[in-house]
Amino acid sequence: MALTNPTTYKQFIETFGELCLSHLGVKHFQVGQPSDIDMQTNIETFQRYPFCFIVPENAEMDRFGKFVLTFTFVVGDIAKNEEDLQVNTHNETLMIMQDIFSKIIMSPASSVPYEVLTPIASITPFVESYNNNLTGWAAIFDVQINSPFNLCDAAF
């Protein structure tokens, strides 16, 4: 997978989405606010599970070349009401999250063109009681991409 070197928010979203969808266990990728998560219900269209979803939180620009974006990253799937199936779904979604972060953190810088800052300290399990028992994990992470400061490309 040849990822381009992102220098903008949009480019990061596109390359991160490509990375998530390259995982064999991920069926859908989406970005937005938590209320935008496309839920499978008895009146909505079918949503493919498991899915990855990122929520933009904030951005930080440093004059010395750091451009840091903060996201909440959600990996979710449908669990049945039985407790052991929720445990299995939590396990599977956490393993998907671990695989995606491992691909970024452990790959050579030439193959993944951005850096996830570690530690990823806030990874929280959830079970939502919508019409479908959405289960998974949400992690808050920071990613550093190329500096946004460039007078050659500025609109002046």
Side-chain angles (χ1 to χ4, degrees), residues 1 3 5-41 47-109 111-148:
M1 168 177 42
L3 297 175
N5 210 4
T7 59
T8 68
Y9 166 83
K10 181 180 179 184
Q11 290 170 342
F12 170 75
I13 297 295
E14 290 170 351
T15 58
F16 189 76
E18 288 176 32
L19 176 66
C20 289
L21 290 172
S22 71
H23 189 284
L24 296 177
V26 175
K27 304 297 182 211
H28 184 73
F29 174 80
Q30 192 175 352
V31 61
Q33 295 304 308
S35 59
D36 296 332
I37 293 178
D38 191 8
M39 298 295 298
Q40 176 184 335
T41 65
Q47 168 67 44
R48 295 170 292 164
Y49 293 97
F51 70 92
C52 292
F53 188 91
I54 59 172
V55 179
E57 299 294 341
N58 62 2
E60 189 176 297
M61 296 179 201
D62 185 315
R63 70 179 296 163
F64 300 108
K66 282 179 35 177
F67 183 31
V68 178
L69 299 167
T70 302
F71 294 96
T72 298
F73 178 45
V74 177
V75 179
D77 200 354
I78 301 300
K80 303 296 182 206
N81 288 327
E82 295 88 26
E83 183 177 334
D84 64 324
L85 291 176
Q86 287 183 1
V87 170
N88 288 337
T89 304
H90 271 132
N91 183 61
E92 291 166 8
T93 53
L94 185 60
M95 288 175 63
I96 289 170
M97 183 177 285
Q98 179 181 343
D99 290 348
I100 291 169
F101 283 139
S102 293
K103 177 70 173 172
I104 297 167
I105 293 168
M106 304 303 291
S107 293
S111 65
V112 179
Y114 43 81
E115 178 184 0
V116 169
L117 304 179
T118 57
I120 303 165
S122 180
I123 304 174
T124 308
F126 66 87
V127 177
E128 299 294 337
S129 297
Y130 297 111
N131 293 353
N132 61 4
N133 288 327
L134 182 64
T135 301
W137 295 83
I140 298 172
F141 76 99
D142 295 322
V143 62
Q144 181 177 325
I145 63 175
N146 291 335
S147 173

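Residue numbers count from 1 along this sequence. Only heavy atoms go into these numbers, but all of them, side chains included; no hydrogens, no water, no symmetry mates.
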From [X] atom [atom1] to [Y] atom [atom2], the distance as rounded to the nearest 0.5 Å:
X: His28; Y: Cys20; atom1: NE2; atom2: SG; result: 11.5 Å
X: Tyr49; Y: Asp77; atom1: OH; atom2: CG; result: 8.5 Å
X: Ile104; Y: Ile120; atom1: CD1; atom2: CD1; result: 8.0 Å
X: Gln98; Y: Asn91; atom1: CD; atom2: CG; result: 9.5 Å

Any chance CD of Glu60 has more than 12 other-residue heavy atoms, nucleotides or ligands included, within less than 6.0 Å?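 It does not: Glu60 CD has 12 such atoms or fewer within range.
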Suppose we screen for ring-ring contact (aromatic ring centres under 6.0 Å, His included). Which residues come up paired with Phe71, at least two apart in sequence or across chains?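 Here the qualifying residues are Phe12, Phe141.
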Pairing residues for His90 by the ring-ring contact (aromatic ring centres under 6.0 Å, His included) criterion, not counting sequence neighbours: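 Per chain and number, His90 pairs via ring-ring contact (aromatic ring centres under 6.0 Å, His included) with Trp137.
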Could you tell me how the ring of Phe16 sits relative to the ring of Phe73: parallel (under 30°), tilted (30 to 60°) or perpendicular (over 60°)?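 Plane angle over 60°, so perpendicular.
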Minimum heavy-atom distance between [X] and [Y], given as atom pair plus value:
X: Leu19; Y: Ser22; answer: O-OG, 2.6 Å
X: Thr135; Y: Gln86; answer: CG2-O, 4.2 Å
X: Thr93; Y: Gly76; answer: CG2-C, 3.9 Å
X: Pro56; Y: Tyr9; answer: CG-OH, 3.4 Å
X: Lys27; Y: Leu21; answer: C-CD2, 4.2 Å
X: Gly25; Y: Ile96; answer: O-CD1, 4.0 Å

Checking side-chain contact (heavy atoms from CB on, under 4.5 Å) between Leu69 and each of Asp142, Ile13, Val143, which is the one that passes?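 Exactly one candidate clears the test, Val143.
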Going by side-chain contact (heavy atoms from CB on, under 4.5 Å), name the residues that satisfy it together with Glu115, two or more places apart in sequence or in a different chain.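 Counting only residues at least two positions away or on another chain, Glu115 forms a side-chain contact (heavy atoms from CB on, under 4.5 Å) with Leu117, Gln144.
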Using the side-chain contact (heavy atoms from CB on, under 4.5 Å) rule, take Ile78 and Thr89 through it: C-alpha gap first, then chi angles, then the decisive distance, then the call. CA-CA 7 Å; Ile78 301 300; Thr89 304; over 6 Å; no
Is the shortest side-chain heavy-atom distance between Val75 and Val26 below 4.5 Å?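 Result no, sub-4.5 Å side-chain heavy-atom pair not found.
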